[in-house]
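All heavy atoms count here, side chains included; hydrogens, waters and symmetry mates do not. Each ligand, and each atom within it, is numbered from 1 in the order the structure gives.
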Amino acid sequence: MAYDFDKVINRQGTSSSKWDNKPGNVSELNYKVDEALPLWVADMDFETAPEITAALLERVKHGIFGYTMVSDSCYDAIIEWEKERHGFDVKREWILFAPGAVPAVHMSVQAYCQTGDHVIVQRPVYYPFFRTIYNNGASILNNPLKLNGDNYEIDFDDLEKKASDPRASLFILCSPHNPVGRVWSASDLEKMGDICARNDVLVVSDELHCDLIMPGNHHTPFASINERCRENSVIVIAPSKTFNLAGLQATVVIIPNRRVRQRFQNILTQNSIPQPNLLALTAMETGYRHGAKWLGELLAYIQENYDFMVKYLTEKLPKAKPFKMEGTYLAWIDFRALESDPDKLQKRMLTEAKVWLDEGKIFGPEGNGFERIVLACPRSILKDALDRVVRAFA
Ligand SMILES: Cc1ncc(COP(=O)(O)O)c(C=O)c1O
C-alpha cells in the first residue's frame, strides 16, 4: 500500500466535531459521560490524499486569498470524474454549488415545496433530512425500508401510495443509503423514478457516498437511469466524504432540467449563497483529478475493517448482527438481541462500553435497537472500540 491508513493521528484539540465534542452536546442525556471513544459522525480519521494536501499547501503559499470563481478546469474535473467513475454524462450548465449536502437538501425543500407539502423519506435514514423538512414548514411522509431477513429493501407498493398523496411534492432519496449501507440497483432506481415521475414528485438524490462503493457493488447516479429520471431530479454529490473534506464545505448540485435548476438557482440568489471558497475548490479539483489511487486503497482498507469487524463480532459477540455494507463506510448493526430498549442501549454504549456511536433511534424509530459505527479509522481504533463493546455486552 502506498498510503498508511494504520497511522493514528491525534485529532483532539483541533476543534474536531468528532473528537472534541461531547455526546451530551449532540443528544439529550440525563447522565454524565466521562470519556467515550468517538466513532459516530461520518468523518474519517485518515489524512486526506497527500496530493490534495500538497495542492492546498501550494495554493496557500501564493498568499492571496481574494474573491474566487470556479475555474473551467474545476468544472472539467467534476465532469470527468462523474463520467469515468460513474458513467454519467454531466453537462457543465447543469452544475450548481452549495456549501454542504444538508444545505443543498434544505434549499431543495425551500425551492420545490410549499408550506404543508409532504416530503417522502425512507427511514431509517440520515436524520438531518428530517429537519430540512420540518424547518421549512413541510412534513415527513415515511416510506420505511422493509427489513427482509438480513437485507433492507424498498417497499414499492407503499412508495406508490405515498407518492400519490396530493400533497407529496418531493422525495429525498439516500443513494447509497446511510445508515443501512445499501447501494440501490439500477432497477430499484428505475422503479422509484417511474413512481415519482408518474406522480409528479421531484427526486432529490443525495449521492454523497457514491464514491464509497465496496468491491462487487455498483453505484448508478439516479439521473443517469433514463430521461424521466434525468428531467425529474436534483443530484447532490461532493468530494467531502470521498476524500474527507467535510470541513471545507463544498457540494456539487447537478440539475439537468432547466426549469428545475432555475428554481434552485433562485434560492441560491435569494440567500446570496456564494460559490465555494478557494481552498475547497483547490481540494475538490485535485481530489477528482488525482485522488483515484488513494481512494482505491482507502476502499480496500475499509473493506478489510468491515471484514475484521464481522469476524470479531461473530466470534465474541454473535448476538450483535452487522448488515452487509455495500457502500459508505458506515456499518449498521442490530443490537436488539442484546438490548432492545434504545435509551438503555445508548446509555450502556456510552457509560459501560465507553464508545460513542450514532444511535439507531436517531434515524427514526425503525432504527431502535441498532447502532451505526464509522469504519473509516485505523484498525487499532476500531479494535479498541470493539473490545470495549464486547466487554460491556458479552
Ligand atoms: C447522506 C448524507 N448526506 C449529507 C451529509 C452531510 O453532508 P454535509 O456535511 O456536506 O452537509 C452526510 C454526512 O454524513 C450524509 O451521510
Side-chain angles (χ1 to χ4, degrees), residues 15-18 21 26 38-46 48 78 96-110 119-133 135-136 145 152 170-184 189 203-213 219 221-222 233-254 268 271 273 275-277 279-281 283-284 287 302 325-332 356-360 362-364 367 371-377:
S15 304
S16 155
S17 292
K18 187 179 189 179
N21 227 332
V26 175
L39 292 90
W40 62 289
V41 65
D43 175 317
M44 307 200 236
D45 292 324
F46 305 128
T48 190
I78 296 166
L96 299 174
F97 295 92
V102 172
V105 173
H106 188 100
M107 288 188 281
S108 300
V109 178
Q110 292 178 334
V119 180
I120 301 172
V121 294
Q122 296 176 317
R123 294 193 323 227
V125 76
Y126 182 60
Y127 48 93
F129 290 169
F130 309 149
R131 70 176 135 85
T132 68
I133 299 169
N135 281 352
N136 285 305
L145 295 179
Y152 281 93
L170 201 66
F171 168 33
I172 306 175
L173 168 67
C174 198
S175 173
H177 191 93
N178 171 7
V180 308
R182 286 296 319 270
V183 174
W184 304 119
L189 294 167
V203 179
V204 175
S205 184
D206 178 331
E207 302 186 4
L208 217 60
H209 294 269
C210 64
D211 301 320
L212 300 160
I213 304 298
H219 168 77
F222 181 80
S233 60
V234 172
I235 310 298
V236 180
I237 61 162
S240 51
K241 297 289 154 200
T242 314
F243 299 111
N244 207 28
L245 302 172
L248 290 177
Q249 300 173 335
T251 293
V252 179
V253 186
I254 302 171
L268 291 171
N271 292 288
I273 305 288
Q275 295 211 319
N277 78 68
L279 294 181
L281 289 168
M284 179 186 312
I302 288 171
M325 189 178 76
E326 297 174 339
T328 79
Y329 49 67
L330 311 163
W332 182 243
W356 184 6
L357 308 181
D358 255 358
E359 295 301 313
I362 62 182
F363 299 89
E371 296 281 351
R372 191 195 77 175
I373 178 168
V374 172
L375 298 182
C377 60

> Is it true that Q249 lies under 4.0 Å from ligand 1, counting heavy atoms only?
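The answer is no, since Q249 has no heavy atom less than 4.0 Å from ligand 1.
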> Any chance the rings of Y127 and F130 have centres within less than 6.0 Å?
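No, the ring centres sit 6.0 Å or more apart.
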> Within the side chain of W184, is there an N or O that forms a donor-acceptor pair under 3.5 Å with the backbone of C174?
yes
> Ignoring angles and geometry beyond distance, decide whether S240 reaches within less than 3.5 Å of ligand 1 through its nitrogen or oxygen atoms.
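Not met; the criterion fails.
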> Do any nitrogen or oxygen atoms of A101 lie less than 3.5 angstrom from nitrogen or oxygen atoms of ligand 1?
yes
> Measure the distance from atom 11 (O) of ligand 1 to every protein heavy atom, then report the residue, atom name and distance (to 0.1 Å) of the closest one.
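Going by distance alone, atom 11 (O) of ligand 1 is nearest to V102 N, 2.9 Å.
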> Nearest to atom 13 (C) of ligand 1, what protein heavy atom do you find, and at what distance?
K241 NZ, 2.9 Å
> Check if P103 has a non-hydrogen atom at a distance under 4.0 Å from any atom of ligand 1.
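P103: in contact with ligand 1 (<4.0 Å).
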> Please answer whether the main-chain N or O of I235 pairs with a side-chain N or O of E207 as donor and acceptor at a distance below 3.5 Å.
no
> Is it the case that H177 and Q122 place a side-chain donor and acceptor less than 3.5 Å from each other?
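No pair is found: no donor N or O on one side chain lies under 3.5 Å from an acceptor on the other.
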> What atoms of ligand 1 come closer than 4.0 angstrom to any heavy atom of C174?
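The list of qualifying atoms is 1 (C).
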> Looking at W40 and L357, what are the two nearest heavy atoms and their distance?
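Scanning both residues completely, I find the closest heavy atoms to be CB-C, 3.7 Å.
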> Would you mind running through ligand 1 and noting each atom that sits below 4.0 Å from a heavy atom of A42?
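The atoms of ligand 1 under 4.0 Å from a heavy atom of A42 are 14 (O).
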> Between C210 and P176, is any pair of side-chain heavy atoms under 4.5 Å apart?
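Answer yes - side chains close enough.
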